[in-house]
Amino acid sequence: QVQLVESGGGLVQAGGSLRLSCAASGRTFSTYAMGWFRQAPGKEREVVATINWTGGSTYYADSVKCRFTISRVNAMNTVDLQMNSLKPEDTAVYFCAASRFGGLQTRSERYDVWGQGTQVTVSS
């Protein structure tokens, strides 16, 4: 079973950048699709970006396209989310998730394992 721990959240001004990292334990990490989701206060959890097991396919929500980049290093059991040109509306708790369905997954119900979340706050 994969376990996930996120890091890298914090407070940043609008227009700034943050890099979130997700460290996974477990020998089967490389077979899992991975995703980043976020949940703002009073809102439902939403997908931000996902990546398939090889790293060859990615998906981005329209709201973050051209600003965020998801990447993974299977040899290091890590998946990162580089966030540039941050906006106040990006403020949320960001969650890393793993799906045993290794293809590109965009729906939260397809993810089996979740991290504890990391807070990202963007000030205007």
Side-chain angles (χ1 to χ4, degrees):
Q1 177 77 335
V2 172
Q3 293 182 318
L4 306 172
V5 177
E6 303 100 332
S7 62
L11 173 64
V12 65
Q13 288 188 331
S17 298
L18 280 176
R19 188 176 185 89
L20 304 183
S21 292
C22 177
S25 62
R27 291 177 293 177
T28 57
F29 170 80
S30 63
T31 67
Y32 280 65
M34 300 297 295
W36 285 95
F37 293 76
R38 67 186 181 187
Q39 187 166 19
K43 295 188 176 181
E44 293 187 354
R45 186 174 298 186
E46 63 177 0
V47 63
V48 175
T50 68
I51 190 166
N52 75 334
W53 69 282
T54 67
S57 295
T58 57
Y59 165 87
Y60 296 94
D62 287 344
S63 59
V64 306
K65 277 181 183 175
C66 300
R67 298 189 299 122
F68 291 11
T69 303
I70 189 171
S71 60
R72 68 187 295 165
V73 180
N74 285 343
M76 299 294 291
N77 278 16
T78 58
V79 59
D80 290 350
L81 185 68
Q82 177 66 41
M83 305 186 295
N84 298 328
S85 302
L86 282 161
K87 305 175 181 180
E89 51 263 44
D90 294 319
T91 295
V93 177
Y94 283 70
F95 298 89
C96 175
S99 170
R100 68 184 186 277
F101 304 104
L104 200 61
Q105 306 295 334
T106 61
R107 293 159 47 196
S108 60
E109 56 266 32
R110 297 285 282 181
Y111 286 80
D112 314 281
V113 183
W114 293 82
Q116 82 287 352
T118 186
Q119 177 71 46
V120 171
T121 303
V122 184
S123 63
S124 57

- request: Check Val2 against Val113 and note the closest heavy-atom contact, atom names and distance.
  value: O-CG1, 3.0 Å
- request: Please report the shortest heavy-atom distance between Asn84 and Ser17, naming the atom on each side.
  value: OD1-OG, 2.9 Å
field: Met34 side chain near Leu4 side chain, heavy-atom distance below 4.5 Å
entry: yes
Euclidean distance, Tyr32 OH relative to Gln105 CD, rounded to 0.5 Å: 12.5 Å
field: Distance (rounded to the nearest 0.5 Å) between Thr54 OG1 and Asn74 CG
entry: 8.0 Å
message: Surrounding CD of Gln13 (heavy atoms of other residues, nucleotides or ligands, distance under 6.0 Å), is the total greater than 12?
response: no
Distance in Å, Arg110 CZ paired with Thr50 OG1, rounded so as to fall on 0.5 Å steps: 12.0 Å
field: Stepwise side-chain contact (heavy atoms from CB on, under 4.5 Å) test for Phe68 and Leu18
entry: CA-CA 10 Å; Phe68 291 11; Leu18 280 176; over 6 Å; no
query: What are the two closest non-hydrogen atoms of Ala92 and Ala40, and how far apart are they?
result: CB-N, 3.8 Å
message: Would you say Asp80 and Gln82 are linked by a side-chain donor-acceptor pair, where the criterion is simply a distance under 3.5 Å?
response: no
field: From CA spacing to verdict: side-chain contact (heavy atoms from CB on, under 4.5 Å), Trp114, Arg45
entry: CA-CA 12 Å; Trp114 293 82; Arg45 186 174 298 186; 3.0 Å; yes
- prompt: Are Val47 and Val79 connected in the hydrophobic side-chain network, where two residues link if heavy atoms are under 4.5 Å apart?
  reply: no
- prompt: When rounded to the nearest 0.5 angstrom, what distance separates OG in Ser63 from CZ in Arg38?
  reply: 4.5 Å
task: Check Ala49 against Leu81 and note the closest heavy-atom contact, atom names and distance.
output: CB-CD1, 4.0 Å
- request: Flag yes if Val48 and Val12 sit in one hydrophobic cluster, no otherwise; membership is Ile, Leu, Val, Met, Phe, Trp, Tyr, and two members link when side-chain heavy atoms are under 4.5 Å apart.
  value: yes
- prompt: Within the distance-only criterion (no hydrogens, no angle test), does the side chain of Asn77 pair as donor or acceptor with the backbone N or O of Ala24 below 3.5 angstrom?
  reply: yes
query: What's the spacing between Lys87 NZ and Met83 CE if we round to 0.5 Å?
result: 13.5 Å
message: Measuring from atom CG of Leu86 to atom OG of Ser123, what distance do you get when rounded to the nearest 0.5 angstrom?
response: 10.0 Å
- request: Pick out which of Phe95, Tyr94, Tyr111, Tyr59 makes a ring pair (Phe, Tyr, Trp, His ring centres under 6.0 Å) with Phe37.
  value: Tyr111
message: On a heavy-atom basis, which atom in Ala14 and which in Pro88 lie closest, and how many Å separate them?
response: CB-CD, 4.1 Å
message: Counting only heavy atoms not in Gln39 (residues, nucleotides, ligands), do more than 12 fall under 6.0 Å from its CD?
response: yes
Non-neighbouring partners of Glu44 that pass side-chain contact (heavy atoms from CB on, under 4.5 Å), sequence neighbours left out: none
message: Less than 4.5 Å apart, side chain to side chain, heavy atoms only: is that true for Tyr60 and Ile70?
response: yes
field: Qualifying residues under salt bridge (Lys or Arg N to Asp or Glu O under 4.0 Å), relative to Glu89, sequence neighbours excluded
entry: none
query: Taking only residues two or more places apart in sequence or in another chain, which ones pass salt bridge (Lys or Arg N to Asp or Glu O under 4.0 Å) with Arg72?
result: none
Audit row: Leu11, Gln119, side-chain contact (heavy atoms from CB on, under 4.5 Å) steps and yes/no: CA-CA 8 Å; Leu11 173 64; Gln119 177 71 46; over 6 Å; no
- line: When every non-hydrogen atom of Glu6 is compared with those of Cys96, the smallest separation belongs to OE2-N, 2.8 Å
field: Lys/Arg N to Asp/Glu carboxylate O, Lys65 vs Asp62, below 4.0 Å
entry: yes
Pair Arg67-Asp90, side-chain contact (heavy atoms from CB on, under 4.5 Å): steps then yes or no: CA-CA 11 Å; Arg67 298 189 299 122; Asp90 294 319; 2.8 Å; yes
